[in-house]
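The structure under discussion appears below in the form of structure tokens.
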Amino acid sequence: MAFDAGTAIILIGMPGAGKSTIGVRLATQRSMPLIDTDRLIEQREGLTLQTILDERGYLALRQIEAQVLINHRFTGQIVATGGSAVYSAEAMAHLKRFGPCVFLDIPLDEILNRVRNLDSRGIAGPPGLGLAEVYAERLPLYRQYADIIIDGANLDELALLAEVESALKTL
Ligand SMILES: Nc1ncnc2c1ncn2[C@@H]1O[C@H](COP(=O)(O)OP(=O)(O)OP(=O)(O)O)[C@@H](O)[C@H]1O
Ligand SMILES: O=C(O)C1=C[C@@H](O)[C@@H](O)[C@H](O)C1
Ligand SMILES: [Mg+2]
């Protein structure tokens, strides 16, 4: 693919996969702006994600997320998506027009270690669904939309960043 200054890099993966952490590092390293799509949602709605979930439910949050993604231009940006972005095929097709989609593939046990506050952190899924079920449901979707899959097992932030950079060079 053409990898010029306008090309975005889209990070996808489970909550706790490191999209924001790696996003910040990639943006700094490449002198590109970082956009966290969760913040776009909160700005548009004037509400926190948790309030949207509590007051309108997870399907409404997924719908809002899809609309926000579809209506935004991501040219030249590092994009840290919400973990639930992959529920909208239309939003994913739109995102992928701006650049490659990088799936940070972190094993479930590591995700479970990192994400402890499931009840208060707002997962866009049915109440009561555990992280293991969310992981099983989403894994095929993350794989389906990924142009690059990074096996992040046992990689610290810097090692993961290096893997992402080296995979991007192969495109
Ligand atoms: N490679 C890594 N090794 C160990 N810990 C990491 C790594 N990357 C991120 N973390 C830690 O995991 C936690 C979650 O990371 P981060 O917030 O970047 O995930 P995220 O994918 O953006 O999640 P969310 O979907 O909740 O926004 C943070 O505490 C971060 O310090
Ligand atoms: O993985 C998820 O379901 C979510 C992750 C967060 O980043 C937010 O996008 C939202 O709370 C949903
Ligand atoms: Mg994040």
Within this structure, what is the [atom1]-[atom2] distance for the pair [X] and [Y], rounded to the nearest 0.5 Å?
X      : Y      : atom1 : atom2 : answer
Glu90  : Gln67  : CD    : CD    : 7.0 Å
Met14  : Arg114 : CE    : CZ    : 11.5 Å
Leu40  : Leu69  : CG    : CG    : 7.5 Å
Asn117 : Ile123 : CG    : CD1   : 9.0 Å

Taking the side chain as every heavy atom from C-beta outward, state whether Leu141 and Ile12 have any atom pair closer than 4.5 Å.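 When only atoms from C-beta onward are counted, Ile12 and Leu141 do not touch, as no gap falls below 4.5 Å.
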When hydrophobic residues are tied together by side-chain contacts of less than 4.5 Å, even through go-betweens, does Ile106 share a cluster with Leu108?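 The answer is yes; both residues are in one hydrophobic cluster.
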same_hphob_cluster(Ile64, Ile70) at 4.5 Å side-chain heavy-atom cutoff: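 Looking at the clustering, Ile70 is in a separate group from Ile64.
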Enumerate the ring pair (Phe, Tyr, Trp, His ring centres under 6.0 Å) contacts for [range], please, sequence neighbours excluded, ordered by first and then second residue.
range            : value
residues 120-148 : Phe103-Tyr142
residues 37-58   : none
residues 73-94   : His72-Phe74, Phe74-Phe98, His94-Phe98

May I have the list of side-chain donor-acceptor pairs in residues 21-35 shorter than 3.5 Å, sequence neighbours left out?
residue, atom, partner, partner atom, Å
Arg25, NE, Glu157, OE1, 3.0
Arg25, NH2, Glu157, OE1, 3.2
Thr28, OG1, Val24, O, 2.8
Gln29, NE2, Glu165, OE2, 2.9
Arg30, NE, Glu165, OE1, 3.2
Arg30, NE, Glu165, OE2, 3.2
Arg30, NH2, Glu165, OE1, 2.7

Residue list, side chain to side chain donor-acceptor pair (under 3.5 Å) with Asp147, at least two apart or on another chain: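 Only Lys96 meet the side chain to side chain donor-acceptor pair (under 3.5 Å) criterion with Asp147.
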Could you tell me if Asp4 and Thr7 have a donor-acceptor pair between their side chains, going purely by distance under 3.5 Å?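 Side-chain D/A pair, Thr7 to Asp4: present.
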Taking only distance into account, with no hydrogens and no angle test, what donor-acceptor pairs under 3.5 Å do side-chain atoms of residues 78-86 form with protein atoms, sequence neighbours excluded?
residue, atom, partner, partner atom, Å
Thr81, OG1, Leu11, O, 2.6
Ser84, OG, Glu65, OE1, 2.7

Run Met92 and Leu95 through side chain to side chain contact (heavy atoms under 4.5 Å, CB included) and show every step you take. CA-CA 5 Å; Met92 290 310 296; Leu95 276 166; 3.9 Å; yes
